[in-house]
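One structure below.
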2 protein chains.
Amino acid sequence: MARHAQKRINDPEGMRRKVLDVAEETFQARGYHASSLGDLMAAAGVSGGALHHHFPTKKALALAVIEERVAAAVDETWIVPVKAAASAREGVRAVFEAVTAELEQQGFVRGCPLNNLAHELSLADPDFRAALAGIFTAWRKAIAGKIEADQQAGRERDTDPQRFAALVIATYSGAMSMAKTAQDAGPLRDCLAALEWGASQAASSQGEPGARRRRRVLRRYGTL
Amino acid sequence: MARHAQKRINDPEGMRRKVLDVAEETFQARGYHASSLGDLMAAAGVSGGALHHHFPTKKALALAVIEERVAAAVDETWIVPVKAAASAREGVRAVFEAVTAELEQQGFVRGCPLNNLAHELSLADPDFRAALAGIFTAWRKAIAGKIEADQQAGRERDTDPQRFAALVIATYSGAMSMAKTAQDAGPLRDCLAALEWGASQAASSQGEPGARRRRRVLRRYGTL
DNA sequence: TATAAAACAGACCGGTTGTCCTGTTTTGTC
DNA sequence: GACAAAACAGGACAACCGGTCTGTTTTATA
């Protein structure tokens with residue numbers, strides 16, 4: 001009975017991707033609860049039927065964002081660079097500096113997507129919490145593992161890997177939280193300086209592999 | 001025309017306080033957007049008219065919670081104890097330990113109320129952001145000031161006060177974020193240990209003034 | 001090309017949200 | 001005790017929310 005006026009371009013995976021793109025950005029900018037499905041539909045140019053087809057519920061959509069996007073962002077901006085660095089400390093320092101620089105260039109701070117969602121959703125739902133906790137664990141494991149590798153290579157002495165990793169992640173997360181509230185990257189710089197790891201300004205990494213993709217992620221996030 | 005069945009007990013300031021109590025706890029447990037005014041009214045046993053009388057909008061209520069409660073909580077749990085401590089480092093260590101102990105005793109982590117609200121509301125509204133940023137600034141100023149006092153008294157060498165304060169707050173905030181997501185106080189302990197400030201276990205502070213009130217606040221929060 | 005399944009479109013609905021409004025009761029002041 | 005102002009009670013309401021439902025179009029398979 002009803003006539004469908006709009007032309008149809010079945011683009012499997014393409015439409016799903018578009019929804020995820022919009023959801024990722026909207027959740028990052030406004031949070032989960034403040035983002036309505038209507039907003040997402042409008043921003044993505046997607047009908048309610050399409051959205052519901054790919055993501056039966058809002059929760060399912062958020063879960064997909066967490067597992068497919070947030071996890072990937074942490075991987076690209078933190079895990080990969082740290083693993084590829086000369087040492088754990090140097091890798092951490094480089095990421096800190098890269099993020100800070102990107103922040104200052106953009107002029108605003110949206111915060112770390114992982115922490116943003118973690119604060120809002122960890123207590124709201126066990127599934128959310130589990131997914132988010134898994135990302136934190138992987139993050140921490142990567143840094144701790146790098147320290148252990150450094151130790152076996154004689155580059156690090158008796159630093160406790162787990163504690164070191166916790167300190168790095170906590171400091172970064174908290175500094176980003178302060179920066180978001182102040183809308184100023186200062187806390188990031190201050191914290192990196194306060195960690196006082198010798199190292200002056202090493203190579204201003206820009207040529208090594210993966211840097212391009214990482215910068216793209218950073219920019220999309222208004223900073224991780 | 002309409003008959004009012006319920007007895008009226010005009011309790012100026014008392015009803016306002018009750019609403020703030022409930023709002024403070026509910027915002028802490030479920031966040032701002034996930035807490036409806038209906039929930040608050042029911043939990044506080046307050047009519048819509050009463051709520052609207054004291055707080056014209058939901059935003060006004062949240063602003064009051066931030067300015068009157070969250071700020072006070074940071075003051076009681078952090079600023080006062082640190083200022084009263086023998087040194088900045090010792091004060092920070094004591095607060096870290098007190099909070100961690102309370103967390104472990106309670107068995108669950110609701111996170112830091114300041115950071116919880118900061119993440120959800122900093123980008124949502126300039127007024128929210130300003131109020132939250134002010135608390136962060138006061139917090140940081142208190143710690144930095146203590147370091148400066150230590151330096152003038154010869155207890156601290158060339159530590160940068162602002163950077164030190166930023167590191168402490170960031171580490172604490174981030175560790176609490178990790179702890180909330182993991183529902184485990186471990187990250188707090190790990191971070192305190194990783195900060196490796198000599199100090200073994202000093203006096204397990206319980207007798208000094210203000211401790212009672214501080215513990216009450218901590219308990220109410222399911223930890224700051 | 002027949003056909004089942006997947007990929008969409010778009011209307012629809014019950015419930016909830018924040019806010020407003022009207023009216024009643026209490027309180028303070030002279 | 002008169003009276004204005006503050007402190008409430010409680011309903012009303014329009015907007016919106018997330019989810020469902022029916023139906024149409026495309027794609028895959030054979």
Take the protein atom [atom1] of [X] and the nucleotide atom [atom2] of [N], then report the distance between them rounded to whole Å.
X: A/Met15; N: D/dT26; atom1: CE; atom2: P; result: 13 Å
X: B/Phe55; N: D/dA7; atom1: CZ; atom2: C1'; result: 13 Å
X: A/Leu51; N: C/dA11; atom1: CG; atom2: P; result: 16 Å
X: A/Lys18; N: C/dC8; atom1: NZ; atom2: C1'; result: 14 Å
X: A/Leu40; N: D/dC16; atom1: CG; atom2: C1'; result: 14 Å
X: A/His53; N: C/dA7; atom1: NE2; atom2: C1'; result: 5 Å

Next on the checklist: With a 4.0 Å cut-off on N to O distance, would you call B/Arg140 and A/Asp190 a salt bridge?
Outcome noted: yes
Can you give me the N/O atom pairs linking the protein to nucleotides 18-21 of chain C at distances under 3.5 Å, or say none if there are none?
residue, atom, partner, partner atom, Å
C/dG18, OP1, B/Lys58, NZ, 2.7
C/dG18, OP2, B/Leu37, N, 2.7
C/dT19, OP2, B/Lys58, N, 2.8

Checklist outcome for this item: Across all chains, not counting sequence neighbours, the side chain to side chain donor-acceptor pair (under 3.5 Å) partners of A/Asp39 are A/Ser36
Checklist entry - On DNA chain D, nearest-nucleotide positions of B/Val46 versus A/Asp39: which is more 5'? => result B/Val46
Return a table of donor-acceptor pairs under 3.5 angstrom between the side chains of residues 129-137 of chain B and protein atoms on other chains or two or more places apart.
residue, atom, partner, partner atom, Å
B/Arg129, NH1, A/Thr181, O, 2.7
B/Arg129, NH1, A/Ala182, O, 3.4
B/Thr137, OG1, B/Ala133, O, 2.9

Checklist outcome for this item: Residue pairs passing the salt bridge (Lys or Arg N to Asp or Glu O under 4.0 Å) test with at least one member in residues 130-139 of chain B, sequence neighbours excluded, are none
Item to check | Pairs involving residues 174-189 of chain A, ordered by first then second residue, that meet salt bridge (Lys or Arg N to Asp or Glu O under 4.0 Å) (sequence neighbours left out) | outcome: A/Glu104-A/Arg189
Checklist entry - Residues in side-chain contact (heavy atoms from CB on, under 4.5 Å) with A/Lys58, at least two apart? => result A/Tyr32, A/Leu37
